[in-house]
Amino acid sequence: MIDPQILRDDPDLVRESQRVRGEDPALVDQFLQYDTAWRKANAEFDRLRSEQKTLGREVGEAKRTGADASSLMARGEALADELTRLGEVRDQALIARDGALLALSNLVEPDAPRGVEGEVKVLSEHGTVVAGHGAHPDHVEIGTRLGVLDVERGAKVSGSRFYFLTGQGALLELALVNYAMQVASSHGFTPVIAPSLVRPFAMEGTGFLGQAAENVYHLADDDMYLVGTSEVALAAMHSDEILGEVPLRYVGFSPCFRREAGSHGKDTRGIMRVHWFDKVEMFSFTSVDAAVAEHQKILGIEREILDGLELPYRVVDIPTGDLGASARRKFDCEVWVPSLGEYREVTSASNCGDFQARRLKIRRAAKPDNEFVATLNGTAIAVPRIIIAILENHLQADGNVGVPSALRPFFGGRSQIAA
RNA sequence: GGUGGCGUGUCCGAGUGGCCUAAGGAGCACGCCUCGAAAGCGUGUGAGGGUUAACGCCCUCCGUGGGUUCAAAUCCCACCGCCACCGCCA
C-alpha cells in the first residue's frame, strides 16, 4: 500500500501515477474523504475512551473506600453506550479508508516509461538471433524427438498446459536450478526452498489478490493458495518483523501455479504457458534508498545467467500501463524463440518499493523512526521457458542440442542432449 | 484426526475483575566508581496511530477475533500457533 502521509501531502503525485497506469485517479479523493472522516471519529473516540478510563479508576477508588459509586457507574453506562456507537462509526470509516488504500496501485518510478501494454522500450540486445521463423522446428518437436519432453501424456494425466520432463529433460531442469542457485548465491543471495502453499495474508500482502486474483489457485476447503511464484513466500517470510541489517537477499526455489484465466488460445502449444512449473527466484529486502541500485543488481544477475546459457535476448523496460499493482518499475529479459521468430519473456525484475512491506509490516531498525523496507524480486530461472530457449537456440545440424559450457558442470559434464 | 498442556515486553517470568498507568530478574544503553575493566550503585530502555509549529498530550497493543461488565492480561466463546503423547503417514 502507499504511504497514507504521501496521499495527504501530495495527492497529485498519486493521481498522476494512477493516470499513467491507466487506473482510476478518483480513488485518491475517495481515500482522502474517508481518511478525514476516520481521523475525526478516531479523535472523538480517543477522547471518550480517556474519560472512561479515568472514570473506571474513580469507581475502583470509591469501592475501596466504601463510598457510593452508583452515580459514577450510571455515567459509565452512558459512556459505554456512546463508545460502542462511536466505535462502529470509527471502524466503518477505517474499513472504507483501507479499502480505498488497498485499491490504489503503487507509485510508478519517475523514470519508468509511460505507455500502455505492448509499447515496450528496448534497453539493449545481446547475442545473435537465429533465423528460422516457421521453418525452424519448435521445442515440442525437438523435445519429443529427443525424449526429454512429453506434452501428450502431460495432457492425458493433468489436462492441457501440463507436461512431463523425461530422461535428460528431467536432469536438465535440475541442472538449470542448481546453476541458477549457484550464480545467485555467489552474489550474496541465500538459497531457500520455500513453501508453495500459503495463507491468505501472504497472497494479499504481495498484491496478488487484486487485479491478478483470477490467475490464482485457491483451495477453498483449507482457505489456502497455491503460489504463482516463490516471491509470495519469500516476501511473507519476514512479515511482522523489524529487521536488523539490510539488505537481506534470498534465492528461492519453488513450484509455481497459474490458472492462466483469460489466456485461452494463447500459447497453446508446448510449454510456453503452463499451469505448473518450477522457478528459481531472487528476492531482496533493502532500504528504500537502496532499492533502485538493487534493482540493477538483480537485473545484472539475470543477465549473467542468460549470458552463461549463451542465449540471445533483449532487455526491456515495461511501460507504466503494463505494471503489476505492486511494482514501481519492471525490467524483463526476453529470450529469442526461433520457431516463433520473436522475443518472449523469460525473466522479470520488479522494484516494489515499500508497497509490499507496508502490507506485510516489514520494517527495519532506523535512527529517528523505524522504517518500512523496499522489496525487490527477479527471476533467476523459469524452467520451461529456458528449456524452450535452449532446445531451439542450441539445436545443432545433427539434430542434437548443445549444452552451454556454463551448464555442463551441473549436467554431468555432458556437452549435448542426444536421443 | 484424538487427548492434555501452553501462548504476557528483546528474553525469562509474576499476574484469577478496579492504584496493571504490567511486579521482579536478565540483557542492552548511558552515568557514577576505577589506571582500565569486572562487580556494585543510579538512570533509561517496545511497537503502531491520532493531535501539535514544537515541547508535549491522548489512544491502541498481554497469540487473533468476538462477547460479558461501569471497568478485562484476568471471566466466556471461537479460531490460530507451539509442545507432549496416541492414531495415521513420506
Side-chain angles (χ1 to χ4, degrees), chain A residues 1-9 31-102 193-205 218-225 233 236-246 248 254-255 285 287-288 354-373:
Chain A
M1 69 181 74
I2 296 180
D3 185 351
Q5 204 56 52
I6 292 178
L7 278 150
R8 292 172 192 153
D9 294 345
F31 168 85
L32 290 173
Q33 185 192 330
Y34 294 140
D35 185 54
T36 303
W38 168 71
R39 284 196 284 174
K40 184 162 173 276
N42 189 240
E44 180 64 6
F45 181 90
D46 281 359
R47 195 184 64 73
L48 281 189
R49 174 69 180 146
S50 179
E51 188 180 340
Q52 184 187 43
K53 288 174 69 175
T54 305
L55 193 68
R57 263 172 256 133
E58 286 169 4
V59 172
E61 180 63 21
K63 296 252 178 184
R64 253 188 312 283
T65 60
D68 177 25
S70 58
S71 69
L72 289 176
M73 285 172 65
R75 169 84 187 115
E77 200 162 351
L79 256 184
D81 286 348
E82 185 64 8
L83 273 169
T84 302
R85 194 189 61 78
L86 251 179
E88 273 164 27
V89 171
R90 183 194 59 171
D91 292 348
Q92 285 307 312
L94 186 61
I95 288 167
R97 183 196 99 127
D98 287 349
L101 194 55
L102 264 319
I193 308 289
S196 47
L197 203 50
V198 301
R199 302 165 70 184
F201 87 91
M203 221 61 187
E204 178 69 45
H218 178 229
L219 304 185
D221 285 348
D222 303 283
D223 195 18
M224 293 191 78
Y225 292 89
M237 188 173 160
H238 287 295
S239 61
D240 228 356
E241 291 183 23
I242 298 173
L243 306 177
E245 292 201 357
V246 292
L248 285 180
S254 84
F285 300 88
S287 68
V288 168
D354 62 4
F355 188 84
Q356 293 178 328
R358 284 181 180 277
R359 293 180 171 205
L360 292 167
K361 298 189 183 66
I362 307 170
R363 294 181 290 264
R364 69 184 184 93
K367 281 144 226 166
D369 293 301
N370 295 338
E371 58 180 48
F372 289 101
V373 299

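Throughout, protein chains are lettered first and strands after them, A, B, ... in sequence-line order, and every chain is numbered starting at 1. Quick caveat, the model's predicted, so the values are computed rather than measured.
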Respond yes when some side-chain nitrogen or oxygen of [X] is under 4.0 Å from OP1 or OP2 of [N], and no when none is.
{"X": "S50(A)", "N": "C59(B)", "answer": "yes"}
{"X": "Q52(A)", "N": "C70(B)", "answer": "no"}
{"X": "R363(A)", "N": "G48(B)", "answer": "yes"}
{"X": "N370(A)", "N": "A47(B)", "answer": "yes"}
{"X": "R39(A)", "N": "U51(B)", "answer": "yes"}

Next on the checklist: I'd like to know if K361(A) and D240(A) make a salt bridge, using a cut-off of under 4.0 Å between side-chain N and carboxylate O.
Outcome noted: no

Item to check | Charged N-O contact under 4.0 Å between K63(A) and E58(A) | outcome: no

Watson-Crick or G-U wobble mate for [N], both contacts under 3.5 Å:
{"N": "U68(B)", "value": "none"}
{"N": "U43(B)", "value": "A29(B)"}
{"N": "A14(B)", "value": "none"}
{"N": "U34(B)", "value": "none"}
{"N": "C57(B)", "value": "G50(B)"}
{"N": "U3(B)", "value": "A84(B)"}

Name the nucleic acid region contacted by [X], choosing base, sugar-phosphate or nothing; use a 4.0 angstrom heavy-atom cut-off, strictly under.
{"X": "G76(A)", "answer": "sugar-phosphate"}
{"X": "R90(A)", "answer": "nothing"}
{"X": "R97(A)", "answer": "nothing"}
{"X": "K53(A)", "answer": "sugar-phosphate"}

To the nearest Å, how far apart are [X] [atom1] and [N] [atom2]?
{"X": "E51(A)", "N": "A71(B)", "atom1": "CD", "atom2": "P", "value": "13 Å"}
{"X": "D68(A)", "N": "C70(B)", "atom1": "CG", "atom2": "C1'", "value": "13 Å"}
{"X": "D223(A)", "N": "U64(B)", "atom1": "CG", "atom2": "P", "value": "20 Å"}
{"X": "R49(A)", "N": "C70(B)", "atom1": "CZ", "atom2": "P", "value": "14 Å"}
{"X": "L55(A)", "N": "A71(B)", "atom1": "CG", "atom2": "P", "value": "10 Å"}
{"X": "W38(A)", "N": "U60(B)", "atom1": "CH2", "atom2": "C1'", "value": "11 Å"}
{"X": "R57(A)", "N": "G17(B)", "atom1": "CZ", "atom2": "C1'", "value": "16 Å"}
{"X": "K40(A)", "N": "U51(B)", "atom1": "NZ", "atom2": "C1'", "value": "15 Å"}

Item to check | Inter-residue atom distance F31(A).CZ - W38(A).CH2, 0.5 Å rounding | outcome: 8.5 Å

Checklist entry - Nearest 0.5 Å, what's the OG-CZ distance between S239(A) and R359(A)? => result 14.0 Å

Next on the checklist: Using the side-chain hydrogen bond (donor to acceptor under 3.5 Å, both in side chains) criterion, which residues pair with E88(A)? Sequence neighbours excluded.
Outcome noted: none

Next on the checklist: If you define the side chain from C-beta out and look only at heavy atoms, does anything of V288(A) sit under 4.5 Å from F372(A)?
Outcome noted: no

